[in-house]
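The structure under discussion appears below in the form of structure tokens.
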Amino acid sequence: QVQLAESGGGLVQAGDSLRLSCAVSGRTFSPRAMAWFRQASGKEREFVAAMRTSGGYTYYSDSVKGRFTISRDSAKTTVYLQMNSLKPEDTAVYYCAADPSIILSQLRNPGAYGYWGQGTQVTVSS
């Protein structure tokens with residue numbers, strides 16, 4: 001059983017930084033990609049960032065490009081999302097996702113990921 005567990009959310013002010021973590025545990029798991037999505041209240045889940053595990057290629061939504069950074073630890077058991085210059089519109093529940101066989105053209109599609117964490121709340125006050 002593969003489990004993804006997010007942590008690091010909280011309440012911050014606009015302009016602050018947060019780092020989210022996603023710990024992967026369970027049976028041997030080799031995801032082809034890992035990603036972060038977010039869902040604001042009353043809105044659909046949206047893509048934030050993704051990383052191809054082979055080669056380390058990264059992808060970002062236009063709304064976070066230049067402010068957020070996705071990375072992975074050397075042991076490949078934890079994925080991070082460093083969020084800088086946070087804005088009130090970044091307020092959402094942030095989810096970590098992974099999949100061992102995702103089609104790379106679908107990295108931004110939440111429906112393409114088979115494994116999800118429970119989410120962590122990020123609230124940015126103005």
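Only heavy atoms go into these numbers, but all of them, side chains included; no hydrogens, no water, no symmetry mates.
Counting non-hydrogen atoms of neighbouring residues, nucleotides and ligands closer than 6.0 angstrom, the CG atom of Leu11 exceeds 12 such neighbours.
Put simply, the side chain of Met83 does not reach to within 4.5 Å of the side chain of Arg19, judged on heavy atoms. In this structure, Tyr94 and Leu18 have side chains that are not in contact, with every pair of non-hydrogen atoms separated by 4.5 Å or more. In this structure, the side chains of Val79 and Trp36 come closer than 4.5 Å at one or more pairs of heavy atoms. The side-chain heavy atoms of Pro100 and Ser30, taken from C-beta on, include no pair separated by under 4.5 Å. For the pair Gln39/Pro110, no side-chain contact is recorded, criterion being any heavy-atom separation below 4.5 Å from C-beta on. For the pair Asn109/Phe47, no side-chain contact is recorded, criterion being any heavy-atom separation below 4.5 Å from C-beta on. Residues Thr78 and Ser21 meet the side-chain proximity criterion, which asks for heavy atoms closer than 4.5 Å. For the pair Val93/Thr120, no side-chain contact is recorded, criterion being any heavy-atom separation below 4.5 Å from C-beta on.
Listed here is the closest heavy atom pair of Glu6 and Cys96: OE2-N, 2.7 Å. Closest heavy-atom contact between Ala14 and Pro88: CB-CD, 4.1 Å. Minimum heavy-atom separation, Ile102 to Ala112: CD1-CB, 3.7 Å. Of all heavy-atom pairs between Ser17 and Asn84, the closest is OG-OD1, 2.9 Å. Among all heavy-atom pairs drawn from Ala5 and Gln118, the shortest one is CA-OE1, 3.7 Å. Smallest separation of non-hydrogen atoms from Thr91 and Ala40: O-CB, 3.7 Å.
You'll find the ring centres of Tyr115 and Phe29 inside the 6.0 Å limit. Under the 6.0 Å cut-off for aromatic ring centres, Tyr113 and Phe37 qualify, their centroids lying closer than that.
Of the charged side-chain nitrogens involved, none lies within less than 4.0 Å of a carboxylate oxygen, so that Lys87 and Asp90 do not count as a salt-bridged pair.
Residues Val2 and Met34 share a hydrophobic cluster, clusters being chains of Ile/Leu/Val/Met/Phe/Trp/Tyr side chains in contact below 4.5 Å. Hydrophobic cluster membership differs between Leu107 and Val64, with clusters built from Ile, Leu, Val, Met, Phe, Trp and Tyr side chains linked at under 4.5 angstrom.
Side-chain contact check for Gln121 and Thr123: at least one donor-acceptor pair (N or O, by modelled atom type) lies under 3.5 Å.
Applying the side-chain hydrogen bond (donor to acceptor under 3.5 Å, both in side chains) test between Tyr59 and each of Lys65, Arg108, Arg52 identifies Arg52 as the sole match.
Taking the ring axis of Tyr95 as reference, the NZ or CZ atom of Arg45 stays within 45° of it and closer than 6.0 Å to the ring centre.
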